[in-house]
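Take a look at the structure below.
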Amino acid sequence: MRKLIKNRGYTDKLYFYNFCAVNAIMAAILIITALSGVLGLTDLSHLADAPQWAYGELGIHTALIVWKAKAENQRKYRFGRDGKTYEDENVSVQPIEVEEEL
């Protein structure tokens with residue numbers, strides 16, 4: 001498992017740890033709820049908000065990773081849309097001329 005995580009990038013590691021933290025929170029809530037009678041807890045209403053915040057944060061994190069990958073791919077494959085290649089479009093790419101300021 002460590003070898004699998006070690007060879008990943010920063011974003012992938014962060015997502016993995018975020019996923020593990022959300023699952024740990026859900027397991028803790030399940031254990032606290034199951035042992036509430038033994039622990040003498042009567043009001044568990046504060047635990048009701050934790051899952052929606054945890055999964056909401058995980059969903060936002062997932063959406064940002066997908067958006068980042070999409071943006072990176074659009075930069076990499078700018079001329080590869082609709083099955084066309086750079087050569088098919090007959091576009092001459094000229095370097096931008098920089099005007100010299102006096």
Side-chain angles (χ1 to χ4, degrees):
M1 182 62 109
R2 287 184 183 173
K3 194 175 195 181
L4 184 68
I5 297 299
K6 185 179 179 182
N7 296 334
R8 292 297 199 175
Y10 178 74
T11 306
D12 292 340
K13 287 180 187 177
L14 189 63
Y15 185 72
F16 176 75
Y17 294 137
N18 190 6
F19 185 77
C20 290
V22 168
N23 285 326
I25 289 170
M26 294 303 119
I29 290 172
L30 180 66
I31 291 169
I32 290 170
T33 304
L35 297 176
S36 63
V38 175
L39 298 173
L41 301 173
T42 57
D43 184 23
L44 297 175
S45 62
H46 55 280
L47 295 178
D49 292 335
Q52 65 185 356
W53 289 106
Y55 282 118
E57 190 273 333
L58 186 62
I60 291 170
H61 194 169
T62 303
L64 287 175
I65 289 175
V66 170
W67 173 80
K68 178 184 170 198
K70 179 183 171 188
E72 287 174 353
N73 287 337
Q74 284 179 345
R75 276 196 306 261
K76 274 194 243 177
Y77 308 112
R78 184 174 56 170
F79 295 105
R81 296 185 184 134
D82 300 328
K84 296 180 182 177
T85 61
Y86 175 71
E87 290 81 17
D88 293 342
E89 293 188 12
N90 295 327
V91 177
S92 61
V93 178
Q94 300 295 328
I96 298 174
E97 296 179 15
V98 179
E99 296 179 12
E100 294 181 19
E101 295 181 18
L102 297 175

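Remember, it's a predicted structure, so these values are computed and weren't measured experimentally.
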Throw together a table of side-chain donor-acceptor distances under 3.5 angstrom for residues 23-32, partners on residues two or more places apart or in other chains.
{"residue": "Asn23", "atom": "ND2", "partner": "Phe19", "partner atom": "O", "Å": "3.3"}

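- Judged as a side chain to side chain contact (heavy atoms under 4.5 Å, CB included), and not counting sequence neighbours, the contacts of Ile60 are Leu64.
- Here Asp49 pairs with Gln52, Trp53 under the side chain to side chain contact (heavy atoms under 4.5 Å, CB included) rule; sequence neighbours left out.
- A search for side-chain hydrogen bond (donor to acceptor under 3.5 Å, both in side chains) contacts involving Lys13 returns nothing, not counting sequence neighbours.
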If you look only at distance, which donor and acceptor atoms sit under 3.5 Å apart when one is on a side chain in residues 34-42 and the other is two or more places apart or in another chain?
{"residue": "Ser36", "atom": "OG", "partner": "Thr33", "partner atom": "O", "Å": "3.0"}

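- None of Phe16, Tyr10, Tyr17 except one satisfies the side chain to side chain contact (heavy atoms under 4.5 Å, CB included) rule with Leu14; the exception is Tyr10.
- Legend: residues meeting side-chain hydrogen bond (donor to acceptor under 3.5 Å, both in side chains) with Asn18, ordered by chain and number and at least two apart, are Glu57, His61.
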